[in-house]
Amino acid sequence: MDKLWYLSKIRIFEALSSEDLQELDQMAPMTHFNALPKNIIVQSPDLKRDGLFFVKKGKLRVFKINGEGRQFTAAILGPGNMFGEVDSFSFETHDVYIETIEESLICSVMKEHFEKFLIKRPELALRFLKELSERLKERDELIEKLALGHVKERILHLLLKLSEQFGVEEDGYVKIDFALTHQEIANMIGATRESVTGFLKELSIKGLIRTSRKQISINQTKVMECLDSGDF
């Protein structure tokens, strides 16, 4: 599938005409022609990239590291998601790490080109502002939930969020549709692998989740009830 098809699937560009998409396509060269392998740092606070970046394929993790060296996931970006900075607005990714969590393809638009493109389309600028507001609110809420509370609570918040973003219904559960190891979950919530493994076993016994090799499915209703009641 070509890049124009991928751009048309990005939610914020859905209302653009075919002519607009063609113009955007022309100024969005592939950042990498070959797929980026898993566990590659795409950006860090010391490696800032100007422009907008679009995830065509794969998944990336946006995370911060606190003073104690613990990582906290701010967002998981899948196909159709964006990150980056231009003069008019920012996805606030200049002070975070962005890492591939599976093989990924990314394309980009230089900020100077996109600014000119946006000036001629004020309705698109408004959609970007709305998208930014929603994304930053979700990011702040997730960081707060993963930085505070008991490890088990942080695991439940993370798994619920991932199931909402990348879930596939399966026999009354929602499977998170990408490989996820105990160590990766630990990295995402700033915990040890041993504590994550122990709590996942407990959650599985209670029927809140089901696990297989690098795959996790959750019962969203039970997980939400558990979070609401505080009964961990």
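For the pair Asn81 and Leu77, the tightest heavy-atom approach, listed with the atom from each and the gap, is OD1-CA, 3.3 Å. When all heavy atoms are compared, the tightest approach of Gly172 to Asn219 is O-ND2, 4.3 Å. Across Gly207 and Lys222, no two heavy atoms sit closer than the pair O-CD, 3.8 Å. Among all heavy-atom pairs drawn from Leu208 and Tyr173, the shortest one is O-CE2, 4.1 Å. A pairwise comparison of heavy atoms in Gly167 and Val174 identifies CA-CG1, 3.4 Å as the closest pair. The two residues Leu105 and Ala35 come nearest to each other via the heavy atoms CD2-CA, 3.7 Å.
Neither side chain, Arg210 nor Gln215, offers a donor N or O lying under 3.5 Å from an acceptor on the other.
Side-chain contact check for Leu160 versus Ile218: some heavy-atom pair is nearer than 4.5 Å.
By the criterion of side-chain heavy atoms lying less than 4.5 angstrom apart, applied directly or through intervening Ile, Leu, Val, Met, Phe, Trp or Tyr residues, Met224 is grouped together with Leu203 in one hydrophobic cluster.
Side-chain N or O atoms of Gln165 include one that pairs as donor or acceptor with a backbone N or O of Ile76 at under 3.5 Å. Using modelled atom types, no side-chain atom of Ser104 and backbone atom of Gly58 make a donor-acceptor pair closer than 3.5 Å. A distance-only check finds a donor-acceptor pair linking the side chain of Thr100 to the backbone of Asn39 [under 3.5 Å].
Taken from OG in Ser163 to CD in Glu169, the straight-line distance is 10.0 Å, to the nearest 0.5 Å. To the nearest 0.5 Å, the span separating CD1 on Ile176 from CG on Leu158 amounts to 7.0 Å. To the nearest 0.5 Å, the span separating NZ on Lys214 from CG on Leu180 amounts to 10.5 Å. For the atom pair NE2 (His150) and CG (Leu156), the distance works out to 10.5 Å, reported to the nearest 0.5 Å. Atom CD of Gln71 sits about 8.5 Å away from atom OH of Tyr97, to the nearest 0.5 Å. To the nearest 0.5 Å, atoms CG (Leu162) and NE2 (His157) are separated by 13.0 Å.
Remark: aromatic rings of Phe63 and Phe72 are distant, center separation not under 6.0 Å.
Sequence neighbours left out, the pairs with a member in residues 177-195 that pass side chain to side chain donor-acceptor pair (under 3.5 Å) are Lys38-Glu184, Thr181-Glu184, His182-Thr197, Gln183-Asn187, Thr192-Ser195.
For Ile205, the side chain to side chain contact (heavy atoms under 4.5 Å, CB included) test picks out no residue, with sequence neighbours left out.
Geometrically, Lys59 engages Phe166 in a cation-pi contact defined by less than 6.0 Å to the ring centre and at most 45° from the axis.
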Which is it for Ile98 and Arg61 under the side chain to side chain contact (heavy atoms under 4.5 Å, CB included) test, yes or no, and what are the steps along the way? CA-CA 6 Å; Ile98 301 177; Arg61 179 170 73 105; over 6 Å; no
